[in-house]
Amino acid sequence: MKKFITLSFLSFIMFSFTTDSNSNIDDIIIGLRNGNADQVAKYFDNTVEITLPEKSNSYSKSQGGLILTDFFTNNNVKGFDVIHRGENAGSQYCIGTLHTRTASYRTTLFMKLKGDKQALQEIRFENR
């Protein structure tokens with residue numbers, strides 16, 4: 001009985017950590033689907049690499065939020081479809097398609113474990 005309780009407790013702890021790290025990328029995906037730049041930007045690292053069809057640069061967290069807000073506003077986001085997502089050595093990534101009023105963009109997210117949280121380090125929007 002002791003073994004069962006210990007095993008159950010350890011499974012619960014491991015599941016809790018797995019769920020928390022995946023919830024960050026899930027929140028970002030929801031933000032992309034809704035065109036909510038603030039929801040995405042709250043996961044930005046201190047500096048974030050943003051690639052748009054017309055420009056690419058590294059921005060501070062606050063600058064990146066403004067760039068993303070401007071992009072979403074000018075393109076009127078209609079939705080986001082996940083194509084693939086995965087994890088590698090504590091880092092997470094997601095590849096999908098951002099649908100807007102005028103175009104669709106291949107979108108790539110790269111997150112890295114910083115301390116005990118995942119931080120969004122790079123987001124790319126490329127013409128399809």
Side-chain angles (χ1 to χ4, degrees):
M1 184 68 173
K2 253 184 171 178
K3 283 184 179 182
F4 175 74
I5 292 172
T6 303
L7 184 60
S8 297
F9 179 73
L10 290 174
S11 297
F12 174 76
I13 296 296
M14 289 174 61
F15 178 74
S16 295
F17 286 117
T18 304
T19 303
D20 287 344
S21 66
N22 286 331
S23 68
N24 292 349
I25 202 159
D26 291 335
D27 285 349
I28 293 168
I29 290 167
I30 291 167
L32 289 170
R33 282 188 178 133
N34 297 322
N36 186 335
D38 290 335
Q39 186 171 355
V40 176
K42 75 180 182 181
Y43 294 100
F44 283 173
D45 200 353
N46 293 331
T47 58
V48 60
E49 181 76 27
I50 300 178
T51 301
L52 301 171
E54 63 277 354
K55 62 183 168 183
S56 177
N57 208 339
S58 185
Y59 301 97
S60 70
K61 186 174 187 165
S62 59
Q63 288 174 318
L66 294 173
I67 296 293
L68 196 58
T69 297
D70 187 52
F71 179 70
F72 285 175
T73 300
N74 291 332
N75 289 284
N76 194 11
V77 175
K78 299 291 184 187
F80 180 78
D81 296 322
V82 175
I83 296 170
H84 180 73
R85 61 191 278 183
E87 192 170 329
N88 185 16
S91 296
Q92 294 181 10
Y93 62 92
C94 177
I95 300 167
T97 303
L98 182 75
H99 303 283
T100 70
R101 177 185 67 234
T102 57
S104 292
Y105 299 93
R106 178 182 170 89
T107 305
T108 309
L109 310 168
F110 293 104
M111 298 184 75
K112 186 174 182 179
L113 190 61
K114 302 278 290 217
D116 62 341
K117 296 182 180 181
Q118 290 283 335
L120 186 58
Q121 301 219 314
E122 184 175 354
I123 186 166
R124 291 187 220 153
F125 300 97
E126 301 167 306
N127 288 324
R128 290 195 57 87

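All values reported here derive from a predicted model rather than from experimental measurement. In what follows, every heavy atom counts, from backbone to side chain, and hydrogens, waters and symmetry copies are set aside.
Between Gln121 and Glu49, the closest side-chain pair of non-hydrogen atoms is not below 4.5 Å. For the pair Lys55 and Ile67, the minimum side-chain heavy-atom distance is below 4.5 Å. Residues Thr108 and Glu122 are not in side-chain contact: their nearest non-hydrogen atoms beyond the backbone lie 4.5 Å or more apart. In this structure, Asn76 and Thr100 have side chains that are not in contact, with every pair of non-hydrogen atoms separated by 4.5 Å or more. When side chains are defined from C-beta on, Gln92 does not count as touching Asn24, because their heavy atoms never get closer than 4.5 Å. Residues Phe125 and Asn75 have side chains not in contact (no heavy-atom distance under 4.5 Å, counting atoms from C-beta outward). Using a 4.5 Å heavy-atom cutoff, the side chains of Glu87 and Leu113 are not in contact. Asn57 has its side chain out of reach of Ile50: every pair of non-hydrogen atoms, C-beta onward, lies at least 4.5 Å apart.
Nearest heavy-atom pair, Leu32 versus Leu98, reported as atom, atom and distance to 0.1 Å: O-CD1, 3.7 Å. Minimum heavy-atom separation, Arg101 to Asn74: NH2-O, 3.6 Å. Heavy-atom minimum distance, Tyr105 versus Pro53: CE2-CG, 3.3 Å. Taking both residues in full, the closest heavy atoms of Val48 and Ser60 are given as CG1-O, 4.3 Å, listed atom of the first, atom of the second, then distance. Cys94 approaches Ile25 most closely through the heavy-atom pair CB-CD1, 3.8 Å. Ser104 and Thr97 get closest at one heavy-atom pair: CB-CG2, 3.8 Å.
Taken to the nearest 0.5 Å, the CD1 atom of Ile95 stands 5.0 Å off from the CZ atom of Arg106. A distance of 10.0 Å separates CE in Met111 from CD1 in Ile123, rounded to the nearest 0.5 Å. One distance of note links OG of Ser23 with CD1 of Ile29; it measures 11.0 Å at 0.5 Å rounding. Interatomic distance, CG of Leu66 versus OH of Tyr59, reported as 10.5 Å (0.5 Å rounding). Remark: Leu68 CG to Gln39 CD distance equals 11.5 Å, nearest 0.5 Å.
Judged purely by atom type and a 3.5 angstrom limit, Asn36 uses its side chain to pair as donor or acceptor with the backbone of Asp38. A side-chain donor-acceptor contact under 3.5 Å links Arg33 to the backbone of Phe80. Checked by atom type and distance alone, the side chain of Gln118 pairs as donor or acceptor with a backbone atom of Gly90 at under 3.5 Å.
Residue Lys112 qualifies as open at atom NZ: its count of foreign heavy atoms under 6.0 Å is 12 or below. Counting heavy-atom neighbours within 6.0 Å of Asn46 CG, excluding the residue itself, gives a total of 12 or less.
Cluster note: Phe110 groups with Tyr93 through ILVMFWY side-chain heavy atoms spaced under 4.5 Å, whether in direct contact or through intervening members.
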